[in-house]
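Labels below follow one simple rule: chain letters A, B, ... track the order of the sequence lines, proteins then strands, and each chain is numbered from 1. Only a predicted model underlies this, so the values are computations on that prediction, with no experimental measurement involved. Computation of the quantities below employed the complete heavy-atom set of this structure, encompassing side-chain atoms and omitting hydrogens, waters and symmetry-equivalent molecules.
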Amino acid sequence: MLDIRFIRDHGDAVKTAMANRNADTDIDAVLALDDRRRAILAEAEELKAERNRVSKSIGQMIKEGGDPEAVKAQVREMGDKISAFDEQLREIDAQLRESLLYIPNMPSESTPVGKDENDNPVVRTFGEKKSFDFEPQAHWDLGEALGLFDFERGAKIAGSGFPLFTGKGARLERALIQFMLDLHTEEHGYTEIAPPFLCNETAMTGTGQLPKFAEDMYTIPVDGLYPIPTAEVPVTNLYGNEILDQALPILHAAYTPCFRREAGAAGKDTRGLLRVHQFDKVELVKFTTPETSAEEHEKLTADAEKVLQKLGLHYRTIELCTGDLGFSAAKCYDIELWAPAQDKWLEVSSCSNFGEYQARRANIRYRNEEGKPGFVHTINGSGVALPRLVIAIMENNQQADGSIDLPEALWPYMGGLRRLEKS
RNA sequence: GGAGGAAUGGCUGAGUGGUUGAAAGCGCACGAUUCGAAAUCGUGUGGGCCGAAAGGUCUCGGGGGUUCGAAUCCCUCUUCCUCCGCCA
């Protein structure tokens, strides 16, 4: 959420930023609401000050044996007026907050201005495209043949898009999760979190999934809970409504399953693991001061990339332009893996710096050098998401006979197994 | 699921209707003392909103109510603790 005072003082900059984002927002309406709010607030508070004064004098009067009835009546009348003002304020506050919740973050100064994904610059590339002396197979064919997953039965018990892994496929999921968590906790300094997989509306609003993206979420209406679409939600909201007294930055890594309805992408990428309703992911989350957030964002992106380097996978890192930037992000790098049988890049991580946008929504603060509370900056990114990582491992490391060589980094996590082949 | 108890500032903990935003202690910050430190003494020390500031207002788990006035009384919700039941 943006600071209403910032919008008030930098209306034009905000409008430009929203235009760069292709965001449909009515900043003038928000400013008008803000004006009205302050006018009414001033009047209401003046009246309250008066009431408090007179009320106290009643106490005195009674002590001195006077008759306070006339004054009481007067104050009661003031109270009625105040109630009316408060009622108006409640309404305006709710409207204002609702409006602010629908305004996306300001892109950072350094975010390139652009229209859509075609304007996203490639920042760096690691490795290169593997060449095959045979026609590489798609992961769904490889996996089916090797008995790594059984999507038909997954669909039977849950629905299409709910993958089901079997045997070595299930083991590979577990191995990757453990490999990534070990890397981030032992080498990159993150503290592991095992959070709830369901979150309430407050948490979902804090990170920006609600209210705008409700249709992308699964819901459990009877309990008011949502299966999390990313560990970002529970881990960021860990510190909601707190003033942190521990040293920043705080670094957390968390494995969770993620649940996404993919409502806007129905019918797209329906085969295999390209786009699924449930997937595993290791997420990295940082809480920093404004001074260090840019640097910590770069480091977090590097931490995510390290996973792919260790697995020897060809990837590229792109920076999202203003037109392609996520709702809550100020700056974002996407990491994409090359999948030869798909003949395209697959996004496995979005590393975003949210500035104080999420912190303001979730009310996460720290004490600055003056000891005053200020909003932290939050940063997060996948480190990384499993399905497309599995696709890349399978499709890049496949052999002519349909077996798959496992990256060396995974051998210890697979109980020494070096290759997936027909048993 | 049933029956009880609890929720106050960074922490411990007073406070059952009137200048209480809240005693006291601890902690923390600054100052004095000291060659320096400890100890000691003094001063200060929650947060939101409005305001250029002075100041005002709101806030004692959340919401609602009674009252001229609520941390204090009433209703309700949430969370935690204890016991019973059920259960991975």
Tightest non-hydrogen contact, residues A/I335 and A/C351, listed as CD1-SG, 4.2 Å
Closest to the 5' end of RNA chain B, once A/E69 and A/K372 are matched to their nearest nucleotides, is A/K372
Of A/D245 and A/R5, the one whose closest nucleotide on RNA chain B sits nearer the 5' end is A/D245
Across every strand shown, the nucleotide meeting Watson-Crick or G-U wobble geometry with B/rA38 (both distances under 3.5 Å) is none
Between A/K15 and the options A/D26, A/T25, A/N20, A/D28, the side-chain hydrogen bond (donor to acceptor under 3.5 Å, both in side chains) test singles out A/D28
### Message
Just so I know, are the side chains of A/L2 and A/M106 near enough to count as touching, which here means a heavy-atom distance under 4.5 Å?
### Response
yes
**Message:** Strictly below 4.0 Å: does A/R8 bring a side-chain N or O up to OP1 or OP2 of B/rG51?
**Reply:** yes
message = Please give the distance between the P atoms of B/rA71 and B/rG63 as a whole number of Å.
response = 13 Å
For B/rG21 and B/rU45, measure between their C1' atoms and round to the nearest Å.
13 Å
Notebook entry, point to check: What's the verdict on side chain to side chain contact (heavy atoms under 4.5 Å, CB included) for A/L251 and A/H188, showing C-alpha distance, side-chain angles and the deciding distance?
Noted result: CA-CA 9 Å; A/L251 282 58; A/H188 298 155; over 6 Å; no
Atom CG of A/D93 and atom C1' of B/rC50 are separated, to the nearest Å, by 12 Å
TODO: State whether A/D405 and A/R419 are salt-bridged, where the test is any N-O pair (Lys NZ or Arg NE/NH1/NH2 against Asp/Glu carboxylate O) under 4.0 Å.
DONE: yes
- Message: Testing the 3.5 Å rule here: is there a donor-acceptor pair between the side chains of A/S350 and A/D334?
- Response: yes
| Would you say the side chain of A/F85 lies within less than 4.5 Å of the side chain of A/E45, judging by non-hydrogen atoms? | no
Contact check, residues 30-56 of chain A vs RNA chain B, heavy-atom distance under 4.0 Å, returns A/R37, A/R38, A/L41, A/E45, A/K48, A/A49, A/R51, A/N52, A/S55, A/K56
In numerical order, the residues of residues 358-369 of chain A whose heavy atoms come under 4.0 Å of RNA chain B are A/R365, A/R367
Residue set satisfying salt bridge (charged side-chain N to carboxylate O under 4.0 Å, His left out) with A/E43, at least two apart, ordered chain then number -> none
